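First up is the structure itself, then whatever we jot down about it.
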Amino acid sequence: MSTTPQSLYRDEGVVLRTQKLGEADRIVTVLTRRHGKVRAVAKGVRRTKSKFGARLEPFSHVDLQLYTGRTLDIVSQAESIRSYGQPIVADYPAYTAGTAVLETADRLTAEEREPSLRLFLLVIGALRALAERTHPAPLVLDAFLLRAMSVAGWEPALGGCARCGEEGPHRHFSVPAGGMVCPPCRPTGSAMPNPATVELLDALLTGDWDAAEASQHANRREGSGLVAALLQWHLERGLRSLPLVDRSDPTAPRREAGLLSEA
Ligand SMILES: [Zn+2]
């Protein structure tokens, strides 16, 4: 068994989720600014006298001091920078959108410790907009999802053809092709979204909030469906390409079953 010398580091991050660990501890999954996604043990946080338990809840933006551990790091200090939890949880549309933001950020960072400053800033921006009610929650979510896909290298083609680049506007939309497609490239089963819906998605991707907020309800609904289908497609294809070690190796260390349960 190898031992890694403990070293201390500091970073800020957003708590994506928490899991119970044993009687009093919790594992927190944090998307940090400089170290990517980190999973760390927060000891004693479920005791009422814990000095930082309440700061390590989902939607919290925290400044952390951590020790590197052999498998999981250990939280040694946590200071609240800002908690978006209360205003987000108090509003159901904001809560459902915020939960989807955290889950998507978690799924997009399949690898731990791969820094993505752009994704971190997108998450902070989305949570702030949801907490402050800057824009309607469903639009904030779709803008986040479109930009997060863009950061992941999956930016949908909304103008030119996704396959050949032929200048648009085009009428057909294909999820497997990754956006709008021209007539010769059009796969069977392509959708024909309303042009106003495609304009809405473009406005959300580019941050044109005046145009996005002027959109009609029907276009918002149709746009959300297209964004969800694109994200689902990419996540499933992306995850399939990852090694299946965790699921196939029965001797994998720190089996989570029995030790961990969802908080
Ligand atoms: Zn084409």
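Keep in mind the model is a prediction, meaning the values are calculated, not measured.
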- Task: Using a 4.5 Å cut-off on heavy atoms from C-beta on, say whether the side chain of Leu130 contacts that of Phe144.
- Result: no

- Message: Evaluate Leu56 against Thr18 for side chain to side chain contact (heavy atoms under 4.5 Å, CB included), listing each step before the verdict.
- Response: CA-CA 8 Å; Leu56 293 172; Thr18 67; 5.6 Å; no

- Closest non-hydrogen atom pair between Ala78 and Arg55, with its separation: O-NH1, 2.7 Å

- Could you check Glu132 against Arg82 for salt bridge (charged side-chain N to carboxylate O under 4.0 Å, His left out), going step by step and ending with a plain yes or no? CA-CA 12 Å; Glu132 296 176 356; Arg82 184 157 176 194; 3.1 Å; yes

Counting only pairs under 3.5 Å, give me each side-chain donor-acceptor contact of residues 195-203, with atom names and distances, residues two or more places apart or in other chains.
residue : atom : partner : partner atom : Å
Thr197  : OG1  : Asn219  : ND2          : 2.9
Thr197  : OG1  : Glu222  : OE1          : 2.5

- Selection residues 156-177 - residue pairs positive for salt bridge (charged side-chain N to carboxylate O under 4.0 Å, His left out), sequence neighbours left out: none

- Kindly give the heavy-atom pair with the smallest separation between Gly44 and Asp25, and that separation in Å. N-OD1, 2.7 Å

- Check whether any side-chain heavy atom of Trp209 lies under 4.5 Å from a side-chain heavy atom of Leu139, and answer yes or no. yes

- Looking at CG of Leu226 and CE of Met180, how far apart are the two atoms once the value is rounded to the nearest 0.5 Å? 8.5 Å

- Note on the structure: Per side-chain contact (heavy atoms from CB on, under 4.5 Å), Phe59 is matched among Val15, Val101, Leu102 by Leu102

- Message: If the condition is ring pair (Phe, Tyr, Trp, His ring centres under 6.0 Å), which residues does Tyr67 pass it with, not counting sequence neighbours?
- Response: none

- Query: Is any side-chain heavy atom of Gln65 less than 4.5 Å from a side-chain heavy atom of Leu8?
  - Reply: yes

- Identify the two heavy atoms, one from Ser116 and one from Val151, that lie closest to each other, and give their separation to 0.1 Å. OG-CG1, 3.9 Å

- All heavy atoms of Leu230 vs all of Pro156, minimum pair found to be CD1-CB, 3.7 Å

- Write down the atom of Glu112, the atom of Arg39, and the distance for their closest heavy-atom approach. OE2-CD, 3.1 Å

- Task: Indicate yes or no: does Arg10 engage Glu79 in a salt bridge with an N to O separation below 4.0 Å.
- Result: no

- Message: Quick one about Asp142 and Ser224 (side-chain donor to acceptor, distance below 3.5 Å, no hydrogens or angles considered), yes or no?
- Response: yes

- Checking side chain to side chain contact (heavy atoms under 4.5 Å, CB included) for the pair Ser60/Ser80: CA distance, chi angles, key distance, verdict? CA-CA 7 Å; Ser60 292; Ser80 178; 5.9 Å; no

- Message: Test: ring pair (Phe, Tyr, Trp, His ring centres under 6.0 Å). Region: residues 78-109. Which pairs qualify, not counting sequence neighbours?
- Response: none

- Task: Kindly compute the distance separating CD (Glu12) from CG (Asp63), expressed to the nearest 0.5 Å.
- Result: 7.0 Å

- Output all residues satisfying ring pair (Phe, Tyr, Trp, His ring centres under 6.0 Å) with His172, sequence neighbours left out; order by chain, then residue number. none

- Task: Enter the distance from Arg33:CZ to Ile124:CD1 here, rounded to the nearest 0.5 Å.
- Result: 8.0 Å

- Query: Do any pairs count as a side chain to side chain donor-acceptor pair (under 3.5 Å) and have a residue in residues 146-156, sequence neighbours left out, and if so which ones?
  - Reply: Ser150-Glu155

- Message: So does Asp106 get a backbone contact from the side chain of Lys37, meaning a donor-acceptor N/O pair under 3.5 Å?
- Response: yes

- Task: Heavy atoms only: give me the nearest Ala177-Ala162 pair and the separation to one decimal.
- Result: O-CB, 3.4 Å

- Is the count of non-hydrogen atoms from other residues, nucleotides or ligands lying under 6.0 Å from Arg113 atom CZ greater than 12? yes

- Item | 4.5 Å side-chain heavy-atom contact, Met149 and His234 | yes

- Query: Does the pair Met192 and Phe173 meet the rule for a side chain to side chain contact (heavy atoms under 4.5 Å, CB included), with working shown?
  - Reply: CA-CA 6 Å; Met192 266 184 74; Phe173 182 96; over 6 Å; no

- Close side-chain approach of Pro187 to Pro176, heavy-atom, < 4.5 Å: no

- Hey, could you give me the CG/CZ distance between Asn194 and Arg221, rounded to the nearest 0.5 Å? 14.0 Å

- Would you indicate whether the side-chain heavy atoms of Leu66 and Ile74 approach each other to under 4.5 Å? no

- Item | Close side-chain approach of Gln77 to Leu64, heavy-atom, < 4.5 Å | no

- Does the pair Glu213 and Arg220 meet the rule for a salt bridge (charged side-chain N to carboxylate O under 4.0 Å, His left out), with working shown? CA-CA 10 Å; Glu213 295 202 4; Arg220 294 183 187 185; over 6 Å; no

- Query: What is the distance from atom CG of Leu145 to atom CG of Leu205, rounded to the nearest 0.5 Å?
  - Reply: 11.5 Å

- Treating Ile, Leu, Val, Met, Phe, Trp and Tyr as nodes and any side-chain heavy-atom pair under 4.5 angstrom as an edge, say whether Leu146 and Val181 lie in one connected cluster. no

- Here the gap from Leu108 atom CG to Glu103 atom CD, rounded to the nearest 0.5 Å, amounts to 11.5 Å

- Item | Co-membership, hydrophobic cluster, residues Ile81 and Val62, 4.5 Å side-chain | no

- Message: Tell me whether Asp11 is salt-bridged to Arg34, with the criterion being a basic N under 4.0 Å from an acidic carboxylate O.
- Response: yes

- Message: Checking Val14 against Phe120 for the side chain to side chain contact (heavy atoms under 4.5 Å, CB included) test, could you report, in this order, the C-alpha distance in whole Å, the side-chain angles of both residues, the deciding distance, and whether it holds?
- Response: CA-CA 8 Å; Val14 176; Phe120 171 78; 4.1 Å; yes

- Message: Determine whether a donor-acceptor pair (N or O, by modelled atom type, separation under 3.5 Å) exists between the side chain of Thr68 and the backbone of Ser7.
- Response: yes

